[in-house]
Amino acid sequence: MAQAKNRLDEALREARRDDAKRAAGYRAQALKLYPWVCGKCAREFTHSNLQLLEVHHKNGNHDDNPADGSNWELLCTYCHEHEHSKLKDMAGRTDTGGDLPASTHNPFADLKARLDAKNKP
Ligand SMILES: [Zn+2]
Ligand SMILES: [Zn+2]
């Protein structure tokens, strides 16, 4: 079984490497697109503390990285952390795919109903 485990470790390592590469990619892009200011507390950043400025995905989907930056928001690490703990409290789970603030408007509210209707014979 040692070999199987090694393969799994290797696969995990590769996945993590890809993740890191991708994250570095969109972070660099976001930092080129936007001023180095936290979107919440307006704290400004320079090269010396830039590692505290993080890229937040507005829709919560880290795979959603449009080149125009429309899904990104630069947040300082504190506000970013806060943003996520807030969302977790609200959703009660982390895998909703929703990084969205509380809102009564849900554009997909009737989507399931519409799909169900379509699937009826
Ligand atoms: Zn902040
Ligand atoms: Zn985030």
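Note that ligands are numbered from 1 as they come in the structure, with each ligand's atoms numbered from 1 the same way. The residues of the chain are indexed from 1 along the displayed sequence. Since the model is a prediction, treat every value here as computed from it, not as a measurement.
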Practice task
Please find out if the Zn ion (ligand 1) and some N, O or S atom of Cys79 are separated by less than 2.8 Å.
Solution key: yes
Handout entry: Carboxylate-amine/guanidinium proximity below 4.0 Å for Asp64 and Lys58
Key = no
Problem - Metal-centred angle, SG of Cys38 through the Zn ion (ligand 1) to SG of Cys41, rounded to 10 degrees - result: 100°
Problem - Minimum-distance N/O/S atom that His56 presents toward the Zn ion (ligand 2) - result: ND1
Exercise for the section: Flag the pair Pro66 / Asn71 as yes when at least one side-chain heavy-atom distance between them is below 4.5 Å, and no otherwise. Expected result: yes
Practice task
Answer yes or no for His57: is there an N/O/S atom below the 2.8 Å cut-off from the Zn ion (ligand 2)?
Solution key: no
Fill in the blank from the handout: Distance col, row Arg22:CZ vs His62:NE2, nearest 0.5 angstrom, shows 9.0 Å
Exercise for the section: Starting at OG1 of Thr46, measure out to CH2 of Trp36 and round the result to the nearest 0.5 Å. Expected result: 8.0 Å
